[in-house]
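To start, the structure itself, in structure tokens.
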There are 2 protein chains.
Amino acid sequence: MSVGIRHDDLRRRNRAMVISAVRRAGQPSRTEIAATTGLSHSTISAISADLIQEGILTESKASEPTALKRGRPQIGLALNPEAAAVLTVVLSLNFLSVAVIDYAGQVVAEEQQRLDTLVMPRDELIGECVAIVRRRLQDPDLDIGSVARIAMGIQGITDSNARAMLWSPITPLTDIPFADILEKEFGISATMENDCNMMAVALQWRDPERYRDDFIAILLSHGIGMGLVLKGALFTGTHSSGGEFGHMIHRPGGALCRCGRRGCVEAYAGNYAIWRSAMRMSEDAEPVDVGDADMRALAAKARERDGPEREAYRRAGEALGFGLGSLFALIDPAPVAMVGVSAAAFDLIEPALREAIAQTAGGQHSESISFDTEPNELPLIREGCAMRALTFVDQEIFAPGGLARAGKHVA
Amino acid sequence: MSVGIRHDDLRRRNRAMVISAVRRAGQPSRTEIAATTGLSHSTISAISADLIQEGILTESKASEPTALKRGRPQIGLALNPEAAAVLTVVLSLNFLSVAVIDYAGQVVAEEQQRLDTLVMPRDELIGECVAIVRRRLQDPDLDIGSVARIAMGIQGITDSNARAMLWSPITPLTDIPFADILEKEFGISATMENDCNMMAVALQWRDPERYRDDFIAILLSHGIGMGLVLKGALFTGTHSSGGEFGHMIHRPGGALCRCGRRGCVEAYAGNYAIWRSAMRMSEDAEPVDVGDADMRALAAKARERDGPEREAYRRAGEALGFGLGSLFALIDPAPVAMVGVSAAAFDLIEPALREAIAQTAGGQHSESISFDTEPNELPLIREGCAMRALTFVDQEIFAPGGLARAGKHVA
DNA sequence: AGGCTTTTTTTCGAGCCTCAAAAAAATAGT
DNA sequence: ACTATTTTTTTGAGGCTCGAAAAAAAGCCT
């Protein structure tokens, strides 16, 4: 059960708080930090002195634009880029991408690679992932010791502890404990995250005005995925990454889904479903993977004339609308970000989607629900992984709990 | 954003922790509390000395059954029943019920009343609620000053701050700020809670073994409601009480629901829906309220022979199953408690329900999902309200934050 | 230029809180 | 009656945060 607060936890938490305030605000002064955290100036001063002395933060007088103000000028505090580094690995359909990111969040190196995820045997898939990470870590420009965390993101279902991929549409393989594999291989703590959850994390950092406490990120691609932030925190299932919006039931016993079941939202709104419908194929037809270029061509044709293509997007909108309606019955309406190649065709989807939502419990405020679109999911996923890894370093390594507070008194 | 931890918060939180440990465990000794909270013996000793001196806890040597143990016998700590009292108000269809509960959780007085909620005008409904509370508060046996909190529970949608009823099936009225009304009338802080959420809270206290971190309470009655506990905490919507399982969409454009929309789960599984189907009425027929006795008779007939009655329950099970399937896609499967008059007919519902779930994403572990039934919802709702109010007193009144720590040094 | 004002940051003493260890209390066994 | 065992209380030390005051670092004004 929940445990009492130990006296030494106090400092730990407040350290984490200060780091987090700096990461969020860019270059806040001590006074700003005191204001946002509610702690006293003296506490902030003491903690930031520690953090600077430990090389985690740096003072940067860069706040020049405030030259017009009277009084002692504020000293901006910034994250020391060299304090640590993290590594992100994003595995998606036929594509593997790795990046090294410094503690301040800047990409310092990256590498990408095509590979046939759908047909690769287990050992080979794991081998390629390990190999690309190894290449990046052996880069002579990189101090390998500074890499404090690896965050891997994958399209598919992961477990709720962010250790393993349980199931993924990009490979027939299941239950690959990537986090354990990478940890064992490189001795660096690692996580395995769901791609859509990382998209949501990235949106929260990119545009905290709009995406703060409650919002939904939906991936419209080969499959339909969702990342959900409720009350400021990422929502996950009890055992898995959860939030499998694409596999909510739209029509019981309906169209065949890639997951093998029938009537899922994805079976109407996934790329393959739109394609299948546009080509007047049976709803029972085996799902096929459609390239992004083909999807863009399909959308163009749908815009051009009323026909089966337009009808396919209409049906997709309907499925998404009723799905969102059911979701909104549970969590109340929230802003939605549509991400992925079919988000670029959202103009074709939106009318039917709104019409469907209006028929559901969430529909009371149908007009007020706002949709954003972002056609490119990969940068978002990587950014989310990076922030995930960095905030872990902030909290678990630079504000460690209980023991391991060595080397603190001497410079 | 989240705020730093002040030094004085520490004591406050640990006080709350100790009280909570006592409420949960019954009569724990100081040593037991130290073990469960992770705090040191001396801290527990100091805090419990305070609490005893303030009259919140009492020492009770009642732990006789441990007579066989060596060493200094443990002194059990218990909640002082006279430390405070709370009042619960449960408003359901045509029924109003009030109870006074002492700080230890025992009911000390109660009163119930029939009333025609469906046709009462606004003033009258509010008036009756205020009047019954006033009668209880004026009871000469009750020290009115000790009543620290009123928790009201209602069937319907409440706002997420637990202040107002937004919409309810038991009355055509909407947006009644019951919490504010009661607070203003009696000067006692009050909340307005959703009935199913309170059922879930009650289950958590009644059977913490089974209902702890993740479970679902579903009310099968006139309407279909849900209380959801995820990761140990009650799940609510972003603006409303949320969790409107009954208004997830089962069949787009399907049967007419009491909420005015079509195809909701409730439009197939609510009492009126089962009745409508069993009577071979149209799916567009206006929902009617069916008495509990009629429903029990219907269930008996359905058990007796295969006919439209049995088919009606089958359809209800199907709707519930697909609804749960969609829910499980989002949160992963969890144990379910079925509550309410139709829970007594769960034997008729279960086969179709399981069959439906097996066709959904949650169905992978279809067999392992366990269902409990509890035909009587009212005691659960009251118990939930009581615990809600008591834990509020524990945390906000007996472990107050920041200021208001007067009258502490003198007995 | 020099003094004054304003704002930020640091320093210092006081007050709490928790912890660990020792002491005290209460009981069972010998 | 005495010892062993276990629980509870007491005590002293160390740490943390806070508020107030001092120090620092500018700009403003005469």
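Within every chain, numbering begins at 1; the chains are lettered A, B, ... in the order of the sequence lines, protein sequences first and strands thereafter. Values in this document were obtained by computation on a predicted structure and should not be read as measured data.
Here the side chain of A:Arg70 is nearest to one of D:dA24, C:dT6, D:dT8, namely C:dT6. Minimum atom distance to the side chain of A:Arg30 is reached by C:dT10, of the listed C:dT18, D:dT17, C:dT10. Taking only side-chain atoms of B:Pro73, from C-beta outward, the nucleotide of C:dT8, D:dT17, C:dT27 with the closest atom is C:dT27. Comparing D:dT9, D:dT8, D:dC28 by their nearest atom to the side chain of B:Ser45 picks out D:dT9. When each of C:dA25, D:dT9, C:dT8 is scored by its nearest atom to the side-chain atoms of B:Glu59, the top-ranked nucleotide is D:dT9. Taking every side-chain heavy atom of A:His41 into account, C:dT10 is the closest of D:dT7, D:dT17, C:dT10. When distances run from any side-chain atom of A:Arg72 to the nucleotides C:dT9, C:dC19, D:dT6, the shortest one goes to C:dT9.
Of the charged side-chain nitrogens involved, at least one lies within less than 4.0 Å of a carboxylate oxygen, so that A:Glu59 and A:Arg30 count as a salt-bridged pair. In this structure, B:Arg163 does not pair ionically with B:Glu193, as no charged nitrogen and carboxylate oxygen lie closer than 4.0 Å. Using a 4.0 Å cut-off between a side-chain N of Lys or Arg and a carboxylate O of Asp or Glu, A:Arg11 and A:Asp50 qualify as a salt bridge.
Spacing between atom CD of B:Gln74 and atom C1' of D:dT9 amounts to 15 Å, rounded to whole angstrom units. To the nearest angstrom, C1' of C:dT11 lies 16 Å from CD1 of A:Ile47. Look at CG on A:Leu77: it is 11 Å from C1' on C:dT9, rounded to the nearest Å. As a whole-Å value, the separation of B:Arg15 CZ from C:dT18 P is 11 Å. To the nearest angstrom, P of C:dT18 lies 12 Å from CZ of B:Arg13. In this structure, CG of A:Asn14 is placed 16 Å from P of C:dC17, rounded to the nearest angstrom. Atom C1' of nucleotide D:dT8 and atom CG of B:Leu51 are separated by 16 Å, given to the nearest angstrom.
As judged by a 4.0 angstrom heavy-atom cut-off over every strand, B:Ser42 is placed among the base-contacting residues.
For the pair A:Arg11 and D:dG15, the criterion of a side-chain N or O lying under 4.0 Å from OP1 or OP2 is not met. Residue B:Thr31 places at least one side-chain N or O closer than 4.0 Å to OP1 or OP2 of D:dT8. Between B:Thr43 and C:dC19, a side-chain N or O to OP1/OP2 separation shorter than 4.0 Å is present.
Within a 6.0 Å sphere centred on NZ of B:Lys184, other residues, nucleotides and ligands contribute 12 heavy atoms or fewer.
Residue A:Ile44 is the one, among A:Ile44 and A:Gly71, whose nearest nucleotide of DNA chain D lies closer to the 5' end (criterion: closest heavy atom).
Checked against the 6.0 Å centroid criterion, the rings of B:Tyr103 and B:Phe398 qualify as a close aromatic pair.
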